[in-house]
Amino acid sequence: MEEKEELSEKSEQPDIQLFSRRALLRSAGLGALSYLANMAPAIGSPILKPPKNPPVQRLGREGIQSPVAGPSIGIDLECFPTTVPILPGQETQVQTYDARVVTGDPTRVQDMPGSYLGPIIKLNKGEFTTIRFKNRLPYEHTIVHWHGMYVPEKADGHPRYSIFPDETFIYRFRVINRAGTYWFHPHPDMTTGTQVLSGMAGLMLVSDHEEQNLPLPRGDYDVPFIIQDRKFLFENQIDYGGIPFIGYYGDRILVNGKVNYEHACASRSYRLRFVNGSNARTYKLGWEDGSPMILIGTDGGLIERPIEKPYVVIAPGERIEIWKDFSDYPVGTELKLKNLEYSGWLLGFDEQSELTAGSEYEIMTFRVDRKSNENQDLPEQLTKMNWLRWEDAVNRDNPRSIPITWQGMWLLNEEFFEMDGVKQNEIVRPNTTEVWEFTNHTGDLAIAHPIHLHGPQFQVVERTIQEPYRKGWETIRHGYTDEGWKDTVLLMPGESIKFLIRFNSYTGLFLYHCHILEHEDEGMMRNYLVRS
Ligand code: C2O
Ligand code: CU
Ligand code: CU
């Protein structure tokens, strides 16, 4: 009912302003790239106005407290501009989030230690969560999306719920996700990329009974790292110029908002959670001493049992959890985490920055600076995976198939993003299991795309590579993390994938898009509608 109202209301008010930039792109083709490269709005500049009369139900009218059965937590969150020291000399202008607990245990909101990123919001499975979000940016509209969390449509941070400066949006949802590393970031139409670049990214760590009963490292030994790349201009300001075709590439790697990041650790085992919060850059992570990467978790939490890999690949939006026992190293050791070489990524566009995507470079350093008397062994089993079954999929004989294509800009399902538009093949029934297929067959204009779905986590069941692209694929694929629940999945050029996904009873519009944020902003995003 409600979705329909929004659909018809919107269709009477096509947003000319938003449409025109994409229409330009549609007709412009590659020739417009250099022009477009200069189009990224400067931070704080009022270039992009929120759509007029968006069909937004401003949730201010809903109360923050409602009687609920069971544990609940209430949090105030806001975003605002500030300046922080990143490089020596002049401070850098950024935009960031801050939060505090208004109902419940105050320690559930924590700062990212020493970082302007964050904060970290800690939730428990089953908890009724109310987040009152205030936009304190001076000029820009924005909305927050909880990446990886399966929440009702109105709490999902769809761009049509963007709020103006000084407005408040109230999110209410029950945590139904497994324990895992989720994150949050802005999701306004067309400016997600620049807002994330400006520093808006935080963590939402979910815990549950199963995880709490496992002998895993906790507290100081369970550490999150958000990896990003940036380019800085004179006076240390962030350079927002990116090429929409390939996405934004910086020439400096930042971890938790800092360059040359070092983490001092004890000689014992750690649970390391990595989030790729970069706009476009994918990392092929490996230890400099060649020791294996021990994968214990993916986007949707812990995997069944730890797996040793030569390296692990993490595309924009993805998370991985790695087990590392530093008791193998003498105190004083500096162990680097590196990006390892790969190819076939951006065919013909590999030299996109001074820090070429597929070259070897340092991400961060772990410095073992103290002896530890206690340690923990890696559990053999972490969870029991609830594998979805192909035969349960309602469309098992006819997978929903979404192509990636090029038409002056990257497209999904052969159409640009429309604020509340859905095509016939984008309508899903609630309480069903489905097979979805994505194909990245775009001929000579071939680059890799990380595809992300809002809503449920899914399980990758099949990957196929076209022969001419096999060589590059072989330098990446051993680092895929298809052993666990995922919400973001990388497709190399020439690759196609199928995944199984189970929708619950939440109805409404949910997004799927490329998590190269410049692609998303330029329209490589679509809705799917869950409707009974
Ligand atoms: Cu992390 Cu719709 O995005
Ligand atoms: Cu998401
Ligand atoms: Cu893309």
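Along the sequence shown, residues carry numbers from 1. Hydrogens, waters and symmetry mates are skipped; everything else that's a heavy atom, side chains included, is used. Counting convention: from 1, in listed order, for ligands and their atoms alike.
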With a 4.0 Å cut-off on N to O distance, would you call [X] and [Y] a salt bridge?
X	Y	answer
Arg132	Asp76	yes
Asp487	Arg319	yes
Arg160	Glu153	yes
Lys486	Glu318	yes
Glu415	Arg526	no

Legend entry - Met492 CE to Thr475 OG1 distance, which is reported to the nearest 0.5 Å: 5.5 Å
Legend entry - Residue His185, metal atom 1 (Cu) of ligand 1, N/O/S under 2.8 Å: yes
Inset, instruction - Please determine if atom 1 (Cu) of ligand 1 has an N/O/S atom from His145 lying under 2.8 Å away. - result: no
Legend entry - Of all N/O/S atoms in His187, the name of the one nearest atom 2 (Cu) of ligand 1: NE2
Legend entry - For atom 2 (Cu) of ligand 1: the N/O/S atom of His454 at shortest distance: NE2
Inset, instruction - Measuring from atom 1 (Cu) of ligand 1, name the closest N, O or S atom belonging to His147. - result: ND1
Inset, instruction - Provide the atom name of the closest N, O or S atom of His145 relative to the Cu ion (ligand 2). - result: NE2
Inset, instruction - Measure from the Cu ion (ligand 2) to each N, O or S atom of His187 and report whether any distance is below 2.8 Å. - result: no
